Protein chains: 4
Amino acid sequence: MTMEETGSRTREAAEAAVLDEKERDEAPSAKAAEAGSAPMTGASRRKLESRRKLMAAARKLFVERGYHETRPQDISKAAGVGHGTFYLHFEDKLDCFLAFTEEAADELHEFVEQHHAVAGSLEEGIHELLTAVFEYSDENPGVLGAALTDISVLSTGDTGRKMPVDRWAEVWAELLEKWKEEGEAASDLDARMAGYLIVGAIKQGGAYGYRRRLDRKRMIDGMTKLFVRALKK
Amino acid sequence: MTMEETGSRTREAAEAAVLDEKERDEAPSAKAAEAGSAPMTGASRRKLESRRKLMAAARKLFVERGYHETRPQDISKAAGVGHGTFYLHFEDKLDCFLAFTEEAADELHEFVEQHHAVAGSLEEGIHELLTAVFEYSDENPGVLGAALTDISVLSTGDTGRKMPVDRWAEVWAELLEKWKEEGEAASDLDARMAGYLIVGAIKQGGAYGYRRRLDRKRMIDGMTKLFVRALKK
Amino acid sequence: MTMEETGSRTREAAEAAVLDEKERDEAPSAKAAEAGSAPMTGASRRKLESRRKLMAAARKLFVERGYHETRPQDISKAAGVGHGTFYLHFEDKLDCFLAFTEEAADELHEFVEQHHAVAGSLEEGIHELLTAVFEYSDENPGVLGAALTDISVLSTGDTGRKMPVDRWAEVWAELLEKWKEEGEAASDLDARMAGYLIVGAIKQGGAYGYRRRLDRKRMIDGMTKLFVRALKK
Amino acid sequence: MTMEETGSRTREAAEAAVLDEKERDEAPSAKAAEAGSAPMTGASRRKLESRRKLMAAARKLFVERGYHETRPQDISKAAGVGHGTFYLHFEDKLDCFLAFTEEAADELHEFVEQHHAVAGSLEEGIHELLTAVFEYSDENPGVLGAALTDISVLSTGDTGRKMPVDRWAEVWAELLEKWKEEGEAASDLDARMAGYLIVGAIKQGGAYGYRRRLDRKRMIDGMTKLFVRALKK
DNA sequence: CATGAATGAGGATTCATTCAT
DNA sequence: CATGAATGAATCCTCATTCAT
C-alpha cells in the first residue's frame, strides 16, 4: 500500500502543466471553458494559472519533503512564478498547506463517489470505501499521509478550518449513522467517535502497511474484516 | 479525557516520579548505579541532576507548546541550567525530544504493568489496558499526545530510534498473539497490523475525546466494546 | 612599505575602482551587461548595487580585522544592507572571503598590466613588477596581506578555488618561462617552483618590511637585486 | 617533500607515551633522571607528565586539524587528562599553540645543529641547512607548516612572543652576516631582509612541493642553486 | 595537582514575509 | 497582476574558559 509513498503518478500531469511555460500564451477562451465559467479577462486568467501552478508545486513539495522542509520560495520556484506571487494567492505558508490539504480531501471525496457506489450493505460499503482510499493512495502516493498531518504540530492556535481528518471522520460517521438506522450497524454505536477511531486506524495502519510494503489486497481484506466485526450488529 | 491537554495539573507529581525513576538513566556515568548503587561521586551526581531537570523541563515544554514552539534554550532556562548544558546531555533538539518520547513510553509501560494484571481474558485485558492508558493520560495530561507526534513531521531522515507508536503497537500485537494462541482472538488476525490499527484508533479517538471533553468512562467502554468485537473469535 | 597596514587611506579611490569594474560581475543577472551593457532593469541593478556594497565592506573589514574577527553581520551592517542580503550574494562567510581574495587578485593583475610594460629585460621586468606590487600595496594597504592568507588556516577541505598565491605564482612562472626562452634566465630553472619561491619571499619580506617600516625604494631595489641574481643566466 | 604532510612518524613515540597510562605509576626516580634534574616530588612528577602528554596531543592535533579546528577539550581528551588540566599548563589556547610552535622551533634548531656542521662555505652551508630542514620535515610531517602559521590570523594583538618565522629568519640572517664578513656573500646584502625572504620562499616552496609531491633531492638542489646565486658575492 | 560538569556569550545561517519596481 | 531583492528576528549550536569537588 502506498499511503505515504513519495513517488508520483498523477503528479506528472500537474507538473507537466507547471513546466509548460507556453500555456499562458494560449487563447484565453479555451482555458475559460475548462473552468466552466464566463470568459475571463487576461488578468484573472493569469491569476488562475498561477494558482494552479502553485497548488501543484505545493502538493509536490509538501508530499516529498513535508511541511517544515518546504519553504514558500521553493514552492514559487517549482511553480515557475515569482516569490511574491505566492502571497497573492495564500495568506501565508500555513494557508497554502491547508489549501493543499483541502484539495486532497476534495479529491478523495470525489474519487470515492465516482469509483464506488456507497449505497450497499455495511460489508460492501466498508470494503468499497477502503478500496477507494487505497486506490487513491496508489494514484496519489504520499498525499493522504501528508494531508493527514496533525495540524497542531504546525500551528499553535486554532485555524478555524476543518481538517481532512475531521471531514473523513464525518463521512464515516454519516455512513455509520445510516447503517444504524438501517439496522445493519450496532445500535449502541457512537458513530462520531467510531468515525475518528476508523480514520485513526486507517492512517496508522496505512503508514505501517506502506513501510512494510504489505500487499494491498490483503490489507484491505484484513481491515474490512476487522471493521465489519467491530461495527456490525 | 486528557490525552492532549495543554495544562499541567499533576505536573509536580509526575516530575517527582521522574526523579525517582531516573536512577535507571541512560547517561553512561550512571552505570555506577548498576554496579550496586553506590552513593555516587559528586561529578556524576551533578550530571544526573542536570539531566533530570532537563528532562522534566523538556517534557513540560514539549507538552505545553509542542516541538517546534520549544527552543533548546527554553528547556535549559526552565531547567535552571545553562544553554550549553543542554548539549552536554543531548546531541540536538531532536535527540532531546526522542528522549522525552522514550521516557513517556517507558512510563506508560511501567504504569500499565503496575496498575493492571494483563493476564485475564480478552475483554478484561482490553478494558484494563484502555483504562490504564486513560488513567496515565489523566495523570500526565498531554504527554501521550506529544509523545505520539509523528516523527516524520520533525525529521526527514530515519533516526534509527524506535518510536512510541511502534513500541505500543508491539505491545498490543504481542497480547493479540497470546489471545490468538489461547483461542480468544480470531485466528485469522494479523496481530501486528491490528496493533497499529488499535494504536492509531486510540490516538485519534483520544484526541477527539479530549477536544470534545467526553466522559472518560463512556469512552473506555465504547472503545472496549468496539475493539472486543473486532478482535474476538 | 604597506603590505599589511590596517588603516585605509585610499579606501575611497579603491572602492570607486571596484564600482567601475563590477560590470564584469559574476552575478548571473548581470549577464545583461554582456549583451551590450543596456541600462539594466531595476531589480538586477539593485542586486548589483548590494553586491558592490558588500564587497567593499568585506574588503574593508577583512583587511582591518582579519577573517576570524569579521562576522557576516559586520559586513552586512557596514554595507548598509540586511543580514540576509549577505547570503543572497555569498554561500557563506568563506565564499565571501574568497570573492574578496579573487577581486584583489584581479585588481593587482590589472594594475600590473596597466602600470607597467612587462615586456622588457629580466632586470627591468622584475623591477617593474615589484614596483607595481608595492605601489598597489600602497594604494590598497593591507589588501595583499589579507588576500594572501593561507586558506588552509580557514578551511579544512579543498575549496576548489584558485587562491591568489597560485595565480601570482603562475604569473611569475610564465614570465620566467618567457625569459628562459629568450635566454635571459638560467635555463635549468624550474619556473613553477621559482614562481612560488618568489611569491613566498615577497609575502614574507613585505610583511617584514611593513612591520619595520622600511623604505620602499630600498626594499624594491634590494629584492630586485636578489631576484635578478638568483634568476639571471 | 613533506613540509605539510599530515601523517606522522616521530609522532608515534609521543603518542605511545600518551597512551601508556601506566607510566605515571612508575618509580619517580627513573623519570627524574631522564629530566636531568634533582629527584622530583610526586606532584611535580605528575605535572610534568601531564604537560608532556598535553604537548604531544596538541602537536598531533594542531598538525592534523589546524588551530581553529582544534579545541582545548580535544587536546585534553587526546592527552588523556581532564579538561581543566589544560589550563593548569597553558594560559589559554593560543598559549598552547605558541608552546607547540616554540617546541617545533627548538627541535628544528637542535636537529640542524646535530645533523649538520653549519660551518663550511656558503654553498655547503645552504645545502646542508636546506637538507636538514627537509629531513626534519620528513620526520615530522606537517609540523613546520603548522608551526609557521601566521600568528596574525590567530590573534589580533601582539603576543610579545617570538614566532618561529622570526627565529628562523634570524638564523639565516646571522649566517648571512657571517658569510658577508668572510667575503662569501655579497657585501651589499641586507641580511635581515634576506633572512625573511628565504624563510618565506622555503615556506611557500615547501608547501608547493608537498602538494605536487615533488622529488626532495631535486627541490633541495634547485633551491640551493637559486639561493646561492642570489646571495653569493 | 586533577577533574569534568557547567557556562553563556557569541557565531553562522535561515526563512517567512514585505514592498519597490 | 507579477516580480524577486531585501529583510532581520529568530534559531540552533559551539567552544574557550571556570570552578566546585
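First the proteins, then the strands, lettered A, B, ... as listed; each starts at 1. Atom set for the values below is all heavy atoms of this structure, side chains included, hydrogens, waters and symmetry mates excluded. Since we're looking at a predicted model, the values are computed, not measured.
- Rounded to an integer number of Å, the gap from A:Arg71 CZ to F:dG4 P is 16 Å.
- Between D:His89 atom NE2 and E:dT3 atom P there is a gap of 9 Å when expressed in whole angstrom units.
- Taking atom CG of C:Leu154 as the reference point, atom P of E:dA12 lies 12 Å away to the nearest angstrom.
- Nucleic acid contact for D:Gln73: base, since at least one base atom lies under 4.0 Å from a heavy atom of the residue.
- Listed nucleotides E:dA6, F:dA6, E:dT3 differ in distance to B:Lys47; the shortest reach to its side chain belongs to E:dA6.
- Shortest non-hydrogen contact noted between C:Leu61 and C:Thr70 is O-OG1, 3.3 Å.
- Looking at every heavy atom in both residues, A:Cys96 comes nearest to A:Ala58 through SG-CB, 3.7 Å.
- For the pair C:Gly84 and B:His68, both in contact range of DNA chain F, the more 5′-proximal nearest nucleotide belongs to C:Gly84.
- When distances are taken from the side chain of B:Thr85 to each of E:dA6, F:dT3, F:dT7, the shortest belongs to E:dA6.
- Comment: B:Glu49 engages B:Arg52 in a salt bridge, judged by a side-chain N to carboxylate O separation of less than 4.0 angstrom.
- An OP1 or OP2 oxygen of F:dA5 is reached within less than 4.0 angstrom by no side-chain nitrogen or oxygen of C:Ser50.
- By the 6.0 Å and 45° rule, A:Lys93 stacks over the aromatic ring of A:Tyr67.
- Here E:dA12 presents its P atom at 12 Å from CG of C:Leu94, a figure rounded to the nearest Å.
- Residue-level contact check: B:Ser76 touches neither bases nor backbone, having no heavy atom under 4.0 Å from any strand.
- As a whole-Å value, the separation of D:Lys93 NZ from F:dC15 C1' is 8 Å.
- With distances taken from any side-chain atom of D:Leu88 to the nucleotides E:dC1, F:dT3, F:dA5, the minimum falls on E:dC1.
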Nucleotide pairing, DNA chain E (Watson-Crick or G-U, distances under 3.5 Å), in dot-bracket with [ ] and |: .||||||||||||||||||||

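- Here the closest non-hydrogen pair linking B:Ser76 and B:Leu54 is CA-CD2, 4.1 Å.
- A straight line from NE2 of D:His83 to C1' of F:dC15 spans 11 Å, rounded to a whole angstrom.
- Contact detail for C:Ala57 and C:Ile75: the closest heavy-atom pair is CB-O, 3.5 Å.
- Residues passing the side-chain contact (heavy atoms from CB on, under 4.5 Å) test with C:Arg71, sequence neighbours excluded: C:Gln73, C:Asp74.
- Closest to the side chain of C:Tyr87, from the set E:dA6, E:dT13, F:dT3, is E:dT13.
- Note: CD (C:Glu69) to P (E:dA12) measures 11 Å, nearest angstrom.
- One interatomic measurement links the two molecules: CD1 of C:Ile75 to C1' of E:dA12, which rounds to 12 Å at whole-angstrom precision.
- Where B:Pro72 and A:Phe86 meet DNA chain F, the nucleotide closest to each residue was compared, and A:Phe86 sits on the side nearer the 5' end.
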